[in-house]
Amino acid sequence: MRWSQAFIPTLRDDPTDAEAASHKLLVRAGFIRQLMAGVYTLLPLAYRSRRKIQQVIEEEIDAIGGQEFLFPSLHPAEIWRKTGRLDVMGDEMFRLVDRKAGEVVLGMTHEEIFTTIATEITSYKQLPQLWYQIHTKFRDEPRPKSGLLRVREFTMKDSYSFDLDQEGLDRAFDAHYAAYTRIFARLGLDAIPVEASSGAMGGSGSVEFMVRAEAGEDLVAHCPNCDYAANVEKAVSEVPPITDEAGPAAPEKFATPGVRTIEDLVEFPGGAAASRQIKTLVYMLDGEPALVLLRGDHPLQEQKLQDRTGALDFRPAHPDEIAELLGADAGSLGAVGVTGVRILADESLRGRTNMTTGANENDFHLRGVSIDRDITVDEWFDIREVQAGEPCVDCGEPIEIFRAIECGHIFKLGVKYSEPLGAMVLDEHGKTRPIYMGSYGIGLERNLAAVVETHFDEKGIAWPVTVAPYEAVVTVLRLDEETLETAEEMYGQLRDAGIDVLIDDRNERPGVKFNDAELVGIPYRMTIGPRGLAEDIVEINERATGVTDRVAVGEAVAHLVARIEAERR
RNA sequence: CGGGACGUAGCGCAGCUUGGUAGCGCGCAUCGUUCGGGACGAUGAGGUCGCCGGUUCAAAUCCGGCCGUCCCGACCA
């Protein structure tokens, strides 16, 4: 490709509305343009990179036995109704009505649709099967952001495994785990597998592949010592035991004027340390109020609460709902003596005595509260969010918490979809059994953005060869006859050698060409100018390191081809 | 959904307080001089000032409504 003819609209300024590095750079370097909130056009450079990611994924999924399909994006709402997910997905699902008033949805994932085809599997002899596609997903995200990191229309590789039993599913899951590890490595991503919440997908277990990045929207708890890693939505840590005094025979009410927060009560004379307080939160779970109890210094992890309770509709209660329920405002709430309301408590409160909590009367608290004696806890859960520095459950070392991008997610689904949709087989004893399923997803554009998030500097993007839109650019410094002729010769030879190469034949000054090549992030630049040619040399510059080698004209192509091929993987 | 901000040329912005000819930088076009790290000069093209309505002799500017976009919190590849 000739740069003079290529549509590579680079910009001098960062777009104002971009925050994330990948967002700024992909716009500025001419890879993407926004069409509307969370919807982007991939310009030729981005499309080339995405195709390379796609190629890597196809190779690795094919290598574990994947068969590639292409499923529709338009789905009848009815299929989603059968598994109950028409409601679960809520407003995140794009819905439309066709001319015959039929309810139609746009696919946001494809468990139901793949399973519909899988009903044609009738015998255990046909198992296992591993099916996948690389296609568009639509999700009406409440808040698209950060360029390609979180969008409403995107490309996903989604695969689905079909096995006779749990052991088969485990094997398919492990095969994907290994394939994903290879995929991310080839893309130049340092992806950490972490335990994750399964959310709306359901099933028995899931692993997310997380890439550490400032622009990431997930928090990962990680132990640097033993490599324990989990999404904070799932992560656990040790809670050092606390020895309480027995306390009084019954709770004692005391006045706490103006005390509204845990911190206020810590400071208040006659108050209590945060670890000796009971925090009382009110949540509406599917329309029903529930008290949620935690230690004063422990934050609630809402995803855990949602996972444990299975609530679909889920929100903190409004102030008026709280007042009506408990007769006091947030800041003076407690669970002592409360009946007729579901009370959920975090495990760390078990057996605690002599605690302090709100009295359900504004400006009053109770001290000397013993959980078992004074509060009717209906359900005990692990619902607290782990904090950096807490001891690792496996080795006791302090855990760290960092931001990360979820680049892939693999799920053990079990029979959640096969049973309601009737994907059954006869086993070797002639018995009807539901197929065990897994599902496995990688968002292509998000991975593209994740590569940028981890491969850039002040000059622009620095693509790994495996994802770069072009592997090399031949930069022609002067368009005089001799220089141009040599450059064309090199360009032709590189193309013949199978290199994805651009020739920058624009009538621009060298600085413009250097800056554009560095902004776009092409891994190797062959610089050809009259000065070098006078000495029979060209320069080969590596974008990532900035290192420039002077190479004899006659050896330059072979030199560059060898380096690029070594990095293709 | 709750909170905050913004919408003026392809991109980045000023003008709005105090109503009266729509401006700057970059980019773009033509010509000339330049040419190993975003050149210089000359000439020029390009804007329904987000949309609808109101006030006014007159609205980018004042008022009302709507739409769009971004950012911060609750959701996911």
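As the structure is a computational prediction, the values presented were derived from the model and not from experiment. Each chain gets a letter, A, B and so on, in the order the sequences are listed, and its residues count up from 1.
Figure legend: cation-pi geometry between Lys412(A) and Phe173(A), with NZ or CZ positioned under 6.0 Å from the six-membered ring centre and within 45° of its axis. In this structure, Arg308(A) forms no cation-pi arrangement with Phe381(A), as its terminal cationic atom is not both closer than 6.0 Å to the ring centre and no more than 45° off the ring axis.
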Listing time: all N or O pairs from protein to nucleotides 31-34 of chain B that are below 3.5 Å?
unit_1 : atom_1 : unit_2    : atom_2 : d
U34(B) : O2     : Arg509(A) : NH1    : 2.9

N/O-N/O pairs, protein side and nucleotides 9-13 of chain B side, under 3.5 Å:
unit_1 : atom_1 : unit_2   : atom_2 : d
G12(B) : OP1    : Thr16(A) : OG1    : 3.2
G12(B) : O4'    : Asp13(A) : OD2    : 3.4
C13(B) : OP2    : Thr16(A) : OG1    : 2.8

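Across all strands, Arg550(A) comes closer than 4.0 Å to no nucleic acid atom at all (heavy-atom distances). Met108(A) comes within 4.0 angstrom of no nucleic acid atom, judged by non-hydrogen atoms across all strands. At the heavy-atom level, Gly408(A) lies under 4.0 Å from the strands shown only through sugar-phosphate atoms. Heavy atoms of Gly532(A) sit under 4.0 angstrom from at least one base atom. If you check every strand for non-hydrogen atoms under 4.0 Å, Ser146(A) touches sugar and phosphate atoms only. Base engagement by Asp218(A) is indicated by at least one non-hydrogen atom pair under 4.0 Å involving a base atom. At the heavy-atom level, Glu19(A) lies under 4.0 Å from the strands shown only through sugar-phosphate atoms.
If you take atom P in C51(B) and the same atom in U69(B), they sit 16 Å apart, rounded to whole Å. Atom name P, nucleotides C75(B) and A60(B): the rounded distance is 45 Å, in whole Å. Comparing A59(B) with G53(B), their C1' atoms are spaced 13 Å from each other, to the whole Å. For the C1' atoms, the distance linking U43(B) with U56(B) amounts to 41 Å, nearest Å. The separation of C52(B) from C57(B), taken at their C1' atoms, amounts to 23 Å, rounded to a whole angstrom. On the C1' atoms, C49(B) is 12 Å away from G23(B), given to the nearest whole Å. For the C1' atom pair drawn from U48(B) and A22(B), the interatomic distance equals 14 Å after rounding to whole Å. Nucleotides U18(B) and U61(B) place their C1' atoms 10 Å apart, quoted to the nearest Å.
Summarising the geometry, the separation between CD on Glu508(A) and P on G36(B) is reported as 14 Å, rounded to the nearest angstrom. In this structure, NZ of Lys304(A) is placed 14 Å from P of C75(B), rounded to the nearest angstrom. Phe138(A) has its CZ atom 20 Å from the C1' atom of C75(B), to the nearest Å. As a whole-Å value, the separation of Arg152(A) CZ from A77(B) C1' is 16 Å. Following rounding to the nearest Å, Glu141(A) (CD) and U69(B) (P) show an atom-to-atom distance of 15 Å. Per the geometry, CZ belonging to Arg150(A) stands 11 Å off C1' belonging to A74(B), to the nearest Å. Atom pair Glu92(A):CD and A74(B):C1' shows a separation of 12 Å (rounding to whole Å applied). In this entry the distance linking CD of Glu111(A) with C1' of A77(B) reads 12 Å, nearest Å.
Each of Cys407(A) and Pro316(A) was matched to the nucleotide of RNA chain B holding its nearest heavy atom; the match closer to the 5' end belongs to Pro316(A).
Checking the phosphate oxygens (OP1, OP2) of C72(B), a side-chain nitrogen or oxygen of Lys145(A) falls inside 4.0 Å. Checking the phosphate oxygens (OP1, OP2) of C76(B), no side-chain nitrogen or oxygen of Arg143(A) falls inside 4.0 Å. Between Gln34(A) and C70(B) there is a side-chain N or O to OP1 or OP2 distance below 4.0 Å.
Using a 3.5 Å distance cut-off with no hydrogens or angles, the side chains of Ser161(A) and Gln129(A) do not pair a donor with an acceptor. Side-chain contact of His110(A) with His135(A): a donor-acceptor pair under 3.5 Å is absent, judged by distance alone. Remark: the Glu542(A) side chain and the Thr545(A) side chain contain an N/O donor-acceptor pair separated by less than 3.5 Å.
Looking at the side chain of Ala37(A), the nearest of the listed nucleotides C70(B), C75(B), A77(B) is C70(B). Nearest nucleotide to the Arg28(A) side chain, out of C35(B), C75(B), G38(B): G38(B). The nucleotide whose nearest atom lies closest to any side-chain atom of Leu477(A) is, among G36(B), G38(B), A77(B), G36(B). Comparing C75(B), U69(B), G36(B) by their closest approach to the side chain of Arg531(A) singles out G36(B). For Asn515(A), the side-chain atoms get nearest to G37(B) when compared with the rest of A77(B), G37(B), C28(B). With G36(B), A77(B), C75(B) as the choices, the nucleotide that has an atom nearest any side-chain atom of Gln306(A) turns out to be C75(B).
The shortest non-hydrogen separation linking Arg152(A) to Ala37(A) is NE-O, 2.9 Å. In terms of heavy-atom proximity, Pro510(A) sits nearest to Leu477(A) at CB-CD2, 3.7 Å. Contact detail for Leu560(A) and Ala472(A): the closest heavy-atom pair is CD2-CB, 4.1 Å. When all heavy atoms of Glu111(A) and Met437(A) are compared, the closest pair comes out as O-CE, 4.4 Å.
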*For Glu153(A) and Thr136(A), what are the C-alpha separation, side-chain angles and deciding distance, and is it a side-chain hydrogen bond (donor to acceptor under 3.5 Å, both in side chains)?*
CA-CA 7 Å; Glu153(A) 174 179 342; Thr136(A) 312; 5.0 Å; no
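Centroid-to-centroid, the aromatic rings of Tyr160(A) and Trp131(A) stay 6.0 Å apart or farther.
Checking side-chain atoms of Asn231(A) against main-chain N and O of Lys234(A) turns up no donor-acceptor pair under 3.5 Å.
For U17(B), there is no paired nucleotide, since no Watson-Crick or G-U wobble pair has both relevant distances below 3.5 Å. With a 3.5 Å ceiling on both atom-pair distances, the Watson-Crick or G-U wobble partner of G25(B) is C11(B). C62(B) is paired with G54(B) under the criterion used here, namely a Watson-Crick or G-U wobble arrangement in which both key atom distances are under 3.5 Å. Summarising the base pairing, G73(B) is matched to C1(B) through a Watson-Crick or G-U wobble pair whose two defining distances lie under 3.5 Å. Pair assignment for G46(B): none, as no Watson-Crick or G-U wobble contacts are both less than 3.5 Å. Across every strand in view, G38(B) sits unpaired, with no contact that passes the Watson-Crick or G-U test at under 3.5 angstrom.
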Less than 3.5 Å apart, which donor and acceptor atoms pair up between the side chains of residues 6-13 of chain A and the rest of the protein, not counting sequence neighbours?
unit_1   : atom_1 : unit_2    : atom_2 : d
Thr10(A) : OG1    : Asp516(A) : OD1    : 3.1

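Under the side chain to side chain donor-acceptor pair (under 3.5 Å) test applied with Tyr283(A), the options Glu288(A), Arg342(A), Glu302(A), Gln306(A) reduce to a single match, Glu302(A).
By the stacking rule of 5.5 Å between ring centres and under 30° between planes, Phe514(A) does not stack on the base of G38(B).
One donor-acceptor pair, N or O on each side, does fall under 3.5 Å between the base of G37(B) and the side chain of Glu518(A).
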